[in-house]
Amino acid sequence: MAASGSPEQEGGGRRRAPRRFRRASTVPRALGVTALGALLPGAGYVWSGRRLGYLLMFPAIGALGVLIAWVQEVDRAVHLAFDPDRLRVVVAVVGVVLVVWFLSVLTTWLMVRPGRLGRLGNGVGAVLVTVACLAATLPVVQGMRYAMTQADLVQTVFEHNESATAPKDVTETDPWGGRERVNVLLLGGDGGQGREGVRTDTMILLSTNTRTGKAVMFSLPRNMMNAQFPEDSPLHDLYPDGFRGEGDPGGWMLNAVYRQVPALYPQILGKSANEGADALKQAVAGSLGTHVDYYLLVNLDGFKDIVDAVGGVTVNVNEPVAIQGNTDRGIPPVGYIQPGPDQHLDGFHALWFARGRWGSDDYQRMLRQRCVINALIDELDPLTMLQEYQDLARTGKKILQTDIPRKLLPAFVDLGGAVKGHQVKSVAFVSSDRFFSGDPDFAWMQSVVDAALTPKASTVEGVGGTPTDAPSDGASDLPSDEPSVQATTDPPDGASVAADDAGTAVSAADACGYHPEG
């Protein structure tokens, strides 16, 4: 006969005593154990005596180690940021992990809470734990939202952007195809209400050394006539003497290439998601005697949304700048942005500050555009980018077009970081004794480009006539007897130097500074 009080089982064997699980003696202690389970999933289960916790704890420790090792590889994070498919997979995995984590924390509380709390105490404790979990997950959920927004932005702008003129010999391991420079045509599209098509009134070729990150910008006037095309281009056969034809001369300016060529000769360059951009790339390449690899088009009508998203920009206004108005049609402005230092402009006024032409020339517009870009960069600090990312990305999807392939984005990010370490030099072609937009001397323009891109020892006259060392690859590396290009540079001290029409060097005294009498 079994001893009194001892458990029995069939066959006369002893029965194992039921396992007793641990509970906290007080609410604070229970909350402490729950917090431990939140920091290390499964730890609360183990404390209570449940071996199931090890199934959560060991994978969590392993995942944490992998995450720490992974985030130290910046290249991996950059590649992930520009891979929509992987981003969505990561978001899905993180979502599952969050659900498991939340359930493990909540059940930890339910298992370790004191046994005699009562219904009210149990309910209050569960609510507190749930609220704490939700608060802890908010940053992660926001990060998931950013990841999905980023995936959507990349997919919208950088995928399905077939180009007939982009380089075909590039890969992720050789993103520049062995080229010393990558040239990107930056376009400001002036499309909007009441306008037929898009007019690219802002055209800047950004040429960057792929090894050093040193860059030069070449600004071309919108009204340049007779744009040239490369000899191996089908457009050269159509326009051997340059982009010209019968009818309104305004239809044959450089800013008309974007809409005119596709309308007259659809798909002449091959399959493309943006035939106008392909044609304009070739017009700039032929005119400047260099290659144009990619383009980036910003619809200026949506530019104001970006400015508004960051809370406006602050610029110095040195003279009244017209709002609206049309010089060609004799339509006067509806108002003016008045002069003054540190003027804070919203998106609408920043747009007109950058593009207003009434009473000013293209060179003045180019300088104002550069000032607006600089001011916008100043506003785009990491905190602002984080706070306004949703709006910025939403706007970016609407106003950006490019033929830069997604696979090269990490390389462009790296190159952009290198560019920030140098002053970007600028060359602007404006009216002078050597340059006339109605009949440009393209051979001379190409010599200017070669001089700006060819490293060589040179000096320019500094302020007050004192010689200063010119940057080795800067726009100021121009022969002193070639005065017809207006070239601005950005020396390390932040001042600007410009070559005037007389061929002498004069101080531009920081074109973005406040100098109303300058």
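Because the structure is a prediction, the values reported are computed rather than measured.
Shown here are the salt bridge (Lys or Arg N to Asp or Glu O under 4.0 Å) partners of Asp152, two or more places apart in sequence or in another chain: Lys397. Asp403 meets the salt bridge (Lys or Arg N to Asp or Glu O under 4.0 Å) test with Lys281; sequence neighbours excluded. Scored by the salt bridge (Lys or Arg N to Asp or Glu O under 4.0 Å) test, Arg211 finds Glu180 as partners (sequence neighbours excluded). Under the rule for a salt bridge (Lys or Arg N to Asp or Glu O under 4.0 Å), Asp346 has no partner lying at least two apart in sequence or in another chain. For the ring-ring contact (aromatic ring centres under 6.0 Å, His included) test, residues two or more places apart in sequence or in another chain that qualify with Phe243 are Tyr239, Trp252. Take Tyr146 and apply the ring-ring contact (aromatic ring centres under 6.0 Å, His included) test, not counting sequence neighbours, and it matches Tyr389. Residues satisfying the side chain to side chain donor-acceptor pair (under 3.5 Å) test with Thr402, not counting sequence neighbours, are none. In terms of the side chain to side chain donor-acceptor pair (under 3.5 Å) criterion, Asp439 has no residue partners (sequence neighbours excluded). Considering only residues two or more places apart in sequence or on other chains, His344 meets the side chain to side chain donor-acceptor pair (under 3.5 Å) condition with Thr314. Qualifying side chain to side chain donor-acceptor pair (under 3.5 Å) partners for Asp441, counting only residues two or more places apart in sequence or in other chains: none. In this structure, Tyr258 has no ring-ring contact (aromatic ring centres under 6.0 Å, His included) partners at least two apart in sequence or on a different chain.
Contact check for Ser233 versus Leu269: side-chain heavy atoms found under the 4.5 Å cut-off. Side-chain contact between Val292 and Gln282 is absent, with no heavy-atom pair separated by less than 4.5 Å.
Ring centroids of Tyr336 and Trp352 are separated by 6.0 Å or more, keeping the two rings apart.
Screening residues 157-178 for salt bridge (charged side-chain N to carboxylate O under 4.0 Å, His left out) gives Glu159-Arg406, Asp169-Arg179 as the qualifying pairs, with residues at least two apart or on separate chains.
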